[in-house]
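All chains are named by letter (A, B, ...) in the order of the sequence lines, taking the proteins before the strands, and each is independently numbered beginning at 1. Predicted, not measured: the structure shown is a model, and the values here were computed from it.
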Amino acid sequence: MDYKQLVATAVADATDGQVTASDIYEKIEVPKTSQNGDLAFPTFILAKQLHAAPQQIAKKLVEKIDTTNFSKVVVVGPYLNFFLDQQQVAQQVLGEVLVEKNHYGDNEDGHDQTVTIDMSSPNIAKPMSMGHLRSTVIGNSIAKLLSKNGYRPIKDNHLGDWGTQFGKLITAYLKWGNEDDVKRDPIHYLVQYYIRFHHEDEQDPTLDEEAREWFKKLEDGDPEAVQLWKWFREVSLQAFNQTYQKLGVSFDTYNGESFYNDALQGVVDTLRKDGLLEKSQGASVVDLSSDNLNPALILKSDGASLYITRDIATAIYRDQTYHPVMNLYVVGSEQTYYFKQLKAVLKKMGLKSAAGLHHIPFGLITVNGKKLSTRHGNIVLLNEVLAESIKLAQAQIAAKNPDLKNKEQVAEEVGVGAVIFGDLKNERIDPIDFNLQEQLKFEGETGPYVQYAHARAESVLKKAHQPLPTKITQLTMTDDAWTIIKMLQNFPATVRRANHEFEPSMIAKYALRLAKAFNKYYAHTKILTDDDQLNDRLALVQAVSLVLKEALRLLGVQAPDEM
RNA sequence: GUCGCAGUAGCCCAGUUGGAUAGAGCAACGGUCUUCUAAACCGUGGGUCGAGCGUUCGAAUCGCUCCUGCGACACCA
């Protein structure tokens, strides 16, 4: 039920058709305090048209308004404040949630159309940092939002598994490496070699020469080079998958950069054939002045391909394989300009899905205001942060709920949930200066806070020893309960908006507000009292539990029944 | 230098399409567990919404100028 529409129609009717309902609909707002009603219409916009002062208009309209759908309509200055029929709304909303359960808020906006998501994309032989966390959990949440909105997401982990750095890595491994070490802790040791390489090549320029040769061999299919590369890739992927498993994230494909090696020449040929490629300072570029952008560099002056060449091949592959309506890239905001160029080139090439290419940027992660860099050893390891968080969750459980079953599993769900939620609760674009203590908070506006509210709700439902209700009769309406009802009613709209804006933080904010409203209700209302209202209170609790769990699911966060 | 993003309480952030008295959390202080999990709840203090001008009946929100921070600006990804 669209209550805004109800108000808009009522107001439009009261103007005797002088104003259309759709004009009014857009201006209806939700008052900041519930004392001013559930929905309000400011009459300012009618002042010119009706040649009267807003206050006068409000007074006049309120006399003519049909109030059958509302409990009351009152005038406060220039505002028309509408109070909804609380029982009617409660019955409708709770009924809907309890019947639809975790499908409450689903819609068919996407019409089963496919959306590809370029996300996570760690580099082989390098550890996953907090930067990868961002791309991974934001992409994962967007995929879930897309599904809920009727799309078919394809999560593509565009691994950084090709490039000159593998020449360096092979060189370093052959010089200083040890097979057993790499087997024991692949990422750790491979990174050591890499860092050492960059340390020593400052003194010894022949190292770079050697690295270039090894990469050339790799490109030419030299068996030793290829075998090492494959091995690095495999052990790295195994290590990544352990982390992904912890995060509860999976992918539909892992088509890394190397996957497109064979397609690069075709990209260049096509660009040339279309007359898009031109020489500039020895390099081959696509002129983008018609898009008000700098030229896109496709081939270096030595003829080598660049990142964009690969990305064009990738976009074409996705276009032909999946026919996506949208092609999303969850990549840091520092690449915004680059993606404008990529999109412009693809448009010039006439790629169908180019119009649906969207860069979904997120803010840079820094530590003490400095950029992270594997090379300089300035890095926050994702695995370490997760481990710390889980450890803290274990300690909390030991202190607060020592008899809990599945302690280990719950600790992991809470610890990991805190990290994921902590990343998703703020707007994507906000830069984050990483602070471990800040990250490891379980109180206030955090993931565990929402999980805790859900666990409390589940605990009450369990102790009720009753079949779960599917509707209500006459819920005793307190301010706390009414706030919850309105919030539940809002969930489907929030799901739509979050998807439309590619903004998981809207779901996180919603979950926090609902959890807060529930905790308040829980503190003030005794739920398990055996009276004729018990069923209705349980219905409310059940609805809250369902929606909290669903909101957390959309963020990729678990909701344990006990914690 | 050019372009982009940002600036709201001591800290970290909300603030729908411009609307009524700018809100949470953390930190500080003070209350609430023999009763559904205190990872909670209730209360107190704390603001020239970076600065200025403009548009508007009305601006944290829109426009312009300036200040500050971060990022991107062809042979990295």
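At the heavy-atom level, Lys463(A) lies under 4.0 Å from the strands shown only through sugar-phosphate atoms. Across all strands, Thr525(A) comes closer than 4.0 Å to base atoms (heavy-atom distances). As judged by a 4.0 angstrom heavy-atom cut-off over every strand, Gln281(A) is placed among the base-contacting residues. Looking at heavy-atom distances under 4.0 Å, Ala53(A) makes no contact with the nucleic acid at all. Heavy atoms of Asp430(A) sit under 4.0 angstrom from primed sugar atoms or phosphate atoms, though from no base atom. Contacts of Lys526(A) with the nucleic acid, taken as non-hydrogen atoms under 4.0 Å apart, include base atoms. Within the nucleic acid shown, Val541(A) has no heavy atom closer than 4.0 Å to any nucleic acid atom. Note on Pro31(A): a base of the nucleic acid sits closer than 4.0 angstrom, heavy atoms only. Heavy atoms of Arg497(A) sit under 4.0 angstrom from at least one base atom. Here Gln165(A) lies out of heavy-atom contact (under 4.0 Å) with every strand. Among the atoms of the strands shown, only primed sugar atoms or phosphate atoms (P, OP1, OP2) are found under 4.0 Å from some heavy atom of Asn294(A). When heavy atoms are screened at a 4.0 angstrom cut-off, Ser280(A) is found touching base atoms of the nucleic acid.
For Tyr452(A), whose side chain is taken as the heavy atoms from C-beta onward, the closest listed nucleotide among A72(B), C42(B), U37(B) is U37(B). Out of C41(B), A39(B), A14(B), the shortest distance to the side chain of Lys516(A) is found at C41(B). With U37(B), A77(B), C5(B) as the choices, the nucleotide that has an atom nearest any side-chain atom of Gln335(A) turns out to be A77(B). Each of C13(B), A40(B), A77(B) was ranked by its minimum atom distance to the side chain of Tyr338(A); first place goes to A77(B). Closest to the side chain of Arg456(A), from the set U37(B), C76(B), A14(B), is U37(B).
As rounded to the nearest Å, A22(B) and A9(B) have P atoms that lie 15 Å from one another. Across the C1' atoms, A14(B) and A51(B) are found 24 Å apart, a figure rounded to whole Å.
Ring geometry for His358(A) against Phe502(A) counts as tilted: the plane angle lies between 30° and 60°, on a 0 to 90° scale. Ring geometry for Tyr522(A) versus Phe518(A): interplanar angle of 30 to 60°, hence tilted. By the 30° and 60° cut-offs, the orientation of the rings of Phe491(A) relative to Tyr510(A) is tilted.
A donor and an acceptor atom never sit less than 3.5 Å apart when one is taken from the side chain of Thr446(A) and the other from the base of A39(B). For Ser459(A) against C36(B), no side-chain N or O and base N or O form a donor-acceptor pair under 3.5 Å.
Between the side chains of Asn426(A) and Ser505(A), no donor-acceptor pair of N or O atoms lies under 3.5 Å. Side chains of Trp229(A) and Asp161(A): a donor-acceptor N/O pair is absent below 3.5 angstrom, by distance only.
The phosphate of A39(B) (OP1 or OP2) has no side-chain N or O of Lys441(A) nearer than 4.0 angstrom. Phosphate proximity of C41(B) to Tyr449(A): present, with a side-chain N or O under 4.0 Å from OP1 or OP2. In terms of phosphate contacts, Lys520(A) brings a side-chain nitrogen or oxygen within less than 4.0 Å of OP1 or OP2 of C42(B).
Base orientation of C33(B): syn, the glycosidic angle falling within 90° of 0.
Centroid-to-centroid, the aromatic rings of Tyr449(A) and Phe421(A) stay 6.0 Å apart or farther.
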